[in-house]
Asks: 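What follows is a structure written as C-alpha cells; I'll ask about it next.
In what follows, every chain begins at residue 1, and chains take the letters A, B, ... in the order their sequences are listed.
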Amino acid sequence: MNKGFIFLILVLTALIAFLAIGLKLNPRDVPSPLIGKPAPEFSGKTLIGDKTFSKQDLLGQVSLLNVWATWCPSCRAEHDVLMAIAKTGIVKIYGVDWKDKPDAAKDWLEKLGNPYVMSVDDQSGDIGIDFGVYGAPETYIIDQQGDIVHKHTGPITWSDWQKKLLPKIKELQAKTTDKL
Amino acid sequence: MQKYLILIFLVFCNGLSAGPIDALQFDNPAQEKRYFDLIEELRCLKCQNSNIAGSNADLAKDLRAKVYDMIVNKNMSNDEIKDWMLARYGDFVLYEPPVKPSTYLLWGLPLILGIIGLMILLTKLKAAKTKPELEINPEQQKQIEEALK
C-alpha cells in the first residue's frame, strides 16, 4: 500500500464520481436562458379557425406550450401522451406548429386527434427563434403571469409527465388558490 | 528553410471554410466582413459541433438570415446581435463563452491542469537527478570486469 497506489485509488474514485453524474446528463440538452423570465411576446394565426393566438391568451392560468411539427417523428411519438394529458383536464395545452405546412398540420390533427386548445401557425419559425427553440418537440410550462417556469426538450413520456411536469404544474396552480 | 515557412503558413490558412452559399447583397464591405465573422462565432444548436456558417440545418439557415437582417436592415452592432442570440439561446450559442463566475472553471481549468502537469514533470525530473549513484565495492567491480571480458 504505497503512496502511488493510494493516489491511483483516489483518482479512480473521483473519475467514477464524475462519470456517475455526467453519464446521466444529456449532452445535447442546452439550458434555456428564458427560465424564470417572461415568455416572449408573440402573435399569429391559429391553424384552425383563422383566429389570432397571442401571449395574452396564455395569461391567468398555468399552461403547457408545445412546439411541434408533422415532419418530426418524436412529436408523433409524444402525441398520444399529449392527448392523455389533455384528457386529464389538469392543464391546457397550446401548440406552436413550427416550420410546418399548415395543411399537413391540419390533416395530422384531424387524423390523430387534437390535444391543443389552439395552435399558432409558425411557418417562418420566428416564434420558435424567440423562444430559443432548436429542435422539436419542446414544451414550456408557463405560469399565470406568462413567465416561463420550465422547459422540456424532447418528447414527453408519461413518466416525464408524472415525475417532472405534473408536480411543477400542481405547485404553480396551488399559488392561484393561495391568493384567493 | 523557405519550404518550411511556406508549410507553416499553409497550415494556418484554414480560415477557408466550405459552407453553404447564400447569395447576399451588402451595403458595404464592412457589413460583409461583420456578417461572415459573426456567423462563424455562433454555434448551430441543431448540429452542435458546427457554427451557423458551416451548417446546412434549417435553424442555421434561419439564424444566418436573422444575422443578415440585423446587420443590414436593423443596424445592430456586433455586441447587440450577440446579446440577442444570448437572450434566446444562452451561453452555448457563442463559441467563445462569456467570462463570468459560472464559466471561470471552464476558462481556467486548462491552464490550471497545465500548471499541475508541469509541476509533476519538474518534480519527477528533480527526483531523477538526485538519484544516488549505485555503490559498487571492489569485489563486485572485479566480477563485472571478469564478466565483460
Asks: Applying the side-chain contact (heavy atoms from CB on, under 4.5 Å) test to A:Leu65, which of A:Val96, A:Ile127, A:Ile148 qualifies?
Replies: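 Single side-chain contact (heavy atoms from CB on, under 4.5 Å) partner of A:Leu65 among A:Val96, A:Ile127, A:Ile148: A:Val96.
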
Asks: Just do the side-chain contact (heavy atoms from CB on, under 4.5 Å) check on A:Ile141 and A:Leu64 with the steps written out, would you?
Replies: CA-CA 5 Å; A:Ile141 299 181; A:Leu64 284 179; 3.7 Å; yes

Asks: Keeping B:Gln140 on the side-chain end and B:Asn137 on the backbone end, is there a donor-acceptor pair under 3.5 Å?
Replies: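 Side chain of B:Gln140 to backbone of B:Asn137, a donor-acceptor pair under 3.5 Å: yes, one is there.
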
Asks: For B:Leu59, is it the side chain, the backbone, both or neither that has a heavy atom under 4.5 Å from a heavy atom of chain A?
Replies: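 Side chain of B:Leu59 only, per the 4.5 Å heavy-atom cut-off to chain A.
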
Asks: So, taking the atom named CD1 in B:Ile39 and the one named CG in B:Leu63, what distance separates them when rounded to the nearest 0.5 Å?
Replies: 11.0 Å

Asks: Taking the side chain as everything from C-beta on, heavy atoms only, tell me whether A:Leu165 gets closer than 4.5 Å to A:Ile156.
Replies: yes

Asks: Using side-chain heavy atoms (C-beta onward) and a distance below 4.5 Å, is B:Val67 in contact with B:Ile52?
Replies: yes

Asks: Any donor-acceptor pairs between chain A and chain B, under 3.5 Å? If so, list them.
Replies:
from, atom 1, to, atom 2, distance (Å)
B:Lys46, O, A:Arg28, NH2, 2.4
B:Gln48, NE2, A:Arg28, O, 3.0
B:Asp62, OD1, A:Lys99, NZ, 3.3
B:Asp62, OD2, A:Lys99, NZ, 2.8
B:Lys66, NZ, A:Asp126, OD1, 2.7
B:Arg88, NE, A:Asp130, OD1, 2.9
B:Arg88, NH2, A:Asp130, OD1, 3.1
B:Tyr89, OH, A:Val133, O, 3.2

